[in-house]
Structure formats: structure tokens, C-alpha cells
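Following: one structure in C-alpha cells, then a few remarks.
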Amino acid sequence: MYALVDCNNFFVSCERTLDSSLENKPVVVLSNNDGCVVSRSREAKELGIPMAVPAFKYKELFKKHDVQCFSAKFELYNAKSQQVINIAKSFVVDSEVYSIDELFLDLTGFKYINLYDYCLVIKEKIWVEANIPVSIGIAPTKTLCKVANRIVKEFPKDFEGVYILDTPEKIEKALKWLNIEDVWGIGRRLAIKMKDSGVYKAWDLLQKPEIWIRKIMGIHGVRMINELKGIRQLELDSPSPKKSIAVTRSFMEMLTNKEDVRERVETFGMYCSERLRKQNTCCKMVTVFVQTNRFRKDLPEYRNSLTKILPNPTNSSILIGRVVNELFEAIYKEGFHYKRAGVIVNDFVPENARLINLFEEDTQNQHLPVMKAMDAMNKKFGKDKVRLGSMSGKNTFGRSKLSPEYEAFLKNNTLPEANFRFH
DNA sequence: TCTGGGGTCCTAGGACCC
DNA sequence: TCTGGGGTCCTAGGACCC
């Protein structure tokens, strides 16, 4: 059996660890620029605030019900995440950190232990030590763990935060209850296709012929139905190196000055390089993109991106900065209101195993000591304290809803490295 | 007026090769 | 006039996740 430990309304729960008076109140956490709702407390959900909606559309409702809004504080969330992960991991031999607020535990080999009681203890310890409420779903496959977890959250009164989905009878009942759009791996597009074909519940999917599933969903459709039947298709993954790194931002205000946008993308390029150096890899490809505000239909729209394959792999801020600049020059067009831009690097090789092109200049090794020194100083004195001349060191995104408690948190905490992966 | 950010994987189609 | 077949690799786009 596997268990899935999932933090309840994670970002909101993190806010509550700083300010316990937020308990039992409607609370939401907002994305960059205080743009979208990215986490909601139970009370906020009950007010009918959907996930990922633009905050401005709900201003009235927030005011009317005194909903507490917070800007996202990823330093805090990463630190709390690490705490939860460490506690949960201490109970098992094998685990997989799935996202910032979820991890799978391998319960194989716990044959003579009551899994339900064991998970209750895990849940309790996380609550006492990290102050984060979690739900735990136990099942023979990862996909069913997700289902079990949903059941816990949907019926909080019936279970004490833990549910085991093990017998065929329980599984059948659960799948007849679970809406198709709530199955792990069914997104918006697939949900529409499913409903067009009369598939409304997870159970309906199991009645469809494999040929049909293969056609509509491709290879993971087949895996998915097996997982739902309790036949294990997905193992726990061990942490794997990243395959791409992206730094992208929406700007608080639209930018019309070329140099302003250039400064932004160059900064994003430096952040990418920093993160490459942190994992001791170099990249072979760099992509830059810029785009206007897709919601402003009254303004001319433009979006473009360009990728360059580097002659030699690098993680030097200077070399990557040059490429970013070159790509930016090629795609930037005057006369538009830019709202978003980003830099993506991929195709990585280890720093110490670069294959060098004989016919191209390679200054990576000259840059590396300077770069590492810069990283060390920034680690000691704070982000962006030492930077390249092309960076302004200013943000063009806003976080207006920070709290005094947070300033205190930042002062008092040496933050652990983030240690989770995205899928 | 105001609409996030960072990932992975799969597939179809084109380019190219023999 | 008539114009093969099979394989690989790369890329862009679409789907999904949190």
C-alpha cells in the first residue's frame, strides 16, 4: 500500500502558522501581483470562491465577508513544506515528494501494523510539530491514494483525516461517487470529451473499451484505468534532476519602453543561471519570450519566442545574459504594451562534463570562479546584493499584502533549500 | 483599472537519411 | 506521363499536474 500525505489548503495553513487568529476565518492567498486566488481556506471555499480566479472579480465578496487576503510568500511555504516532508519521511523507508504540499509514502512491509493508526500518528505529529493540518489517503495505487485523499477532505466529519481505500467493494463505491473531472490525470479538455461520451463518473470510464481509451487519452489512459482498478502502474519516483528551468513573470504594469523589458529578461536570465549553478549543471539551450496582455482585446496583441542552441554549454550569468540579449533583440517589436516575459533554459549537462566545441570560443571556465563567488556572497548577504550591471535589482511585480509577522519570520529563519519537484 | 508561475510528458508532422 | 519505403531525430503544440 501507498499513502498520500496532502496538506490542507497549504498556503493558507502556512499563513495560519504565523497568525493563529486566522483559524476558522475565510482566508485566501494570492499569486504574484496579487492577481489570482491560489489557495483558499475551507471557509473561503464555502463562500463560493473558486480556485485560480482573478482576485479583482471577488473584491466585493472579500469585503462583504471580511476575507483575509495575503500575497504569496514562497520562502515561508518552502520552509514549512520541508518541515512536513522531514516529519513524514521519518516514518517510512521509501517516499516520493510529489509537490510542495504532497508526498507519497511507501507502506509496503508494514504488514503487521495497523496502517490507519500509523497514519493517524503521522498526521498528529505533523500537526503538533509543524502546525500544518494534513489529510492522508491510503490505497494500493497512487491514483487511488488521490481518490482516498479526496474522500477524506470531502467528508471531514466521517474520518479523522485518514482514509483507507482497500477492498474492491470500497473502491467500486468510491469510483461510482467520484466525478470524472476529479480523477487524477483528467483535465478540463479531457473532462469535456468524457462527458460528451457519457462518462460522468470514474466508474463509467472503467466500462469503456480499452481501444476507445487509448484513442482518446493515449498511453496514460490505459495506465489510468489499471490504477483505478487497483493494479499498480506507477511506482514511487526517486528525485530526478530537473530538465528545464524557467523564470517568467507578469509585470504589474504594462511596459512600453524597450530598455525596461530588456532589463527584465536579462534579470530572468541571471536567475536561470544562478539556479543552474546551484545544481552544478550547464545548459545547451536558451529560450526567451515576450508577450502583451492577452486580456486586453482593445490593444494590439503580440507574442513571440525564440530559442538558441549554444555553441558551448554554460551556466555563466554573463554568457547567458549575452544570449538572452541577442534573442530579445530578435523578437522585441516596438509599439506594444508588454505584460509578461520569461527565460527558459534546458538541455542540461553536468558542469564538469561539458563537451567543448573546438571551433567556438569557450570562456565558461574563466567565468565560473567569479560566478561562484557571486553566489556565495548573495547567499551570505541576501538575494541580488551582488549582481550584474544590467540588473536593476528592482521587481516589477507586487506583493502588497505581506504582514509584519512575515518580516519577523524572514529575520529569524535561515531557510532550508527547497527540495521538491514539479510534474 | 485589476487575470500566476513552474514543471513534465506525449504526439504529430516535418526534415533528413539511406 | 510515370515518382518508394522505412527509419530517426527534432520541434511545436497540447495536455496534464500543483
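Below, chain A is the first sequence line, B the second, and so on; all start at residue 1. Keep in mind that the numbers below use all heavy atoms, side chains included, and drop hydrogens, waters and symmetry copies.
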Under 3.5 Å: donor-acceptor pair, side chain of [X], backbone of [Y]:
X: A/Lys308; Y: A/Thr287; answer: no
X: A/Gln364; Y: A/Asn315; answer: yes
X: A/Arg40; Y: A/Ile49; answer: yes
X: A/Thr248; Y: A/Gly342; answer: no
X: A/Asn325; Y: A/Gly321; answer: no

Proximity to the side chain of [X] - top-ranked nucleotide from [options]:
X: A/Ile309; options: C/dT11, B/dC2, C/dC17; value: C/dT11
X: A/Ile245; options: B/dG5, B/dC10, B/dG7; value: B/dG7
X: A/Lys59; options: B/dC10, B/dT3, B/dC2; value: B/dC2
X: A/Ser31; options: C/dC18, B/dG4, B/dG7; value: B/dG4
X: A/Ala52; options: B/dG4, B/dT11, B/dG7; value: B/dG4
X: A/Val38; options: B/dG4, B/dT3, B/dC10; value: B/dG4
X: A/Arg189; options: B/dT3, C/dA15, B/dG6; value: C/dA15
X: A/Trp184; options: B/dC10, C/dC18, B/dT3; value: C/dC18

Could you give the distance separating C/dC18 and B/dT3 at their P atoms, to the nearest angstrom? 25 Å
[N] phosphate, OP1 or OP2, under 4.0 Å from [X] side-chain N/O:
X: A/Lys339; N: B/dT3; answer: yes
X: A/Ser244; N: B/dT8; answer: yes
X: A/Asn32; N: B/dG5; answer: yes
X: A/Arg188; N: C/dG14; answer: no
X: A/Ser250; N: B/dG4; answer: yes
X: A/Arg340; N: B/dG5; answer: yes
X: A/Arg296; N: B/dT3; answer: no
X: A/Lys193; N: C/dA15; answer: no

Is the [atom1] atom of [X] crowded by more than 12 outside heavy atoms at less than 6.0 Å?
X: A/Gln233; atom1: CD; answer: yes
X: A/Lys258; atom1: NZ; answer: yes
X: A/Glu60; atom1: CD; answer: no

Return whichever of A/Ala55 or A/Pro241 has its heavy-atom-nearest nucleotide of DNA chain B closer to the 5' end.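 Whichever sits nearer the 5' end wins; that is A/Ala55.
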Residue whose nearest DNA chain B nucleotide is more 5′ - A/Arg294 or A/Lys243: A/Arg294
What integer distance in Å separates [X]:[atom1] from [N]:[atom2]?
X: A/Ile219; N: B/dT8; atom1: CD1; atom2: C1'; result: 16 Å
X: A/Asp237; N: B/dC9; atom1: CG; atom2: P; result: 9 Å
X: A/Lys142; N: C/dC16; atom1: NZ; atom2: P; result: 19 Å
X: A/Met217; N: C/dA15; atom1: CE; atom2: C1'; result: 10 Å
X: A/Glu102; N: B/dT8; atom1: CD; atom2: P; result: 17 Å
X: A/Phe289; N: C/dT11; atom1: CZ; atom2: P; result: 19 Å
X: A/Asn33; N: B/dT1; atom1: CG; atom2: P; result: 17 Å
X: A/Lys242; N: B/dG5; atom1: NZ; atom2: P; result: 17 Å

Apply the test ring pair (Phe, Tyr, Trp, His ring centres under 6.0 Å) to residues A/Tyr271 and A/Phe268: give CA-CA distance (whole Å), side-chain angles for both, the deciding distance (0.1 Å), then the verdict. CA-CA 5 Å; A/Tyr271 290 158; A/Phe268 301 157; 7.1 Å; no
Contact class for [X] (heavy atom, under 4.0 Å): base, sugar-phosphate, or nothing?
X: A/Leu30; result: nothing
X: A/Val247; result: sugar-phosphate
X: A/Ile344; result: nothing
X: A/Asp101; result: sugar-phosphate

Stem segments of DNA chain B by first residue number [Watson-Crick or G-U, under 3.5 Å, at least 3]: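 Looking at DNA chain B, the stems formed by three or more consecutive pairs are B:5-18 with C:5-18.
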Compute both the distance and the angle, then confirm whether A/Arg232 meets the cation-pi test with A/Tyr2: under 6.0 Å from the six-membered ring centre, within 45 degrees of the axis.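 Satisfied, under 6.0 Å and within 45°.
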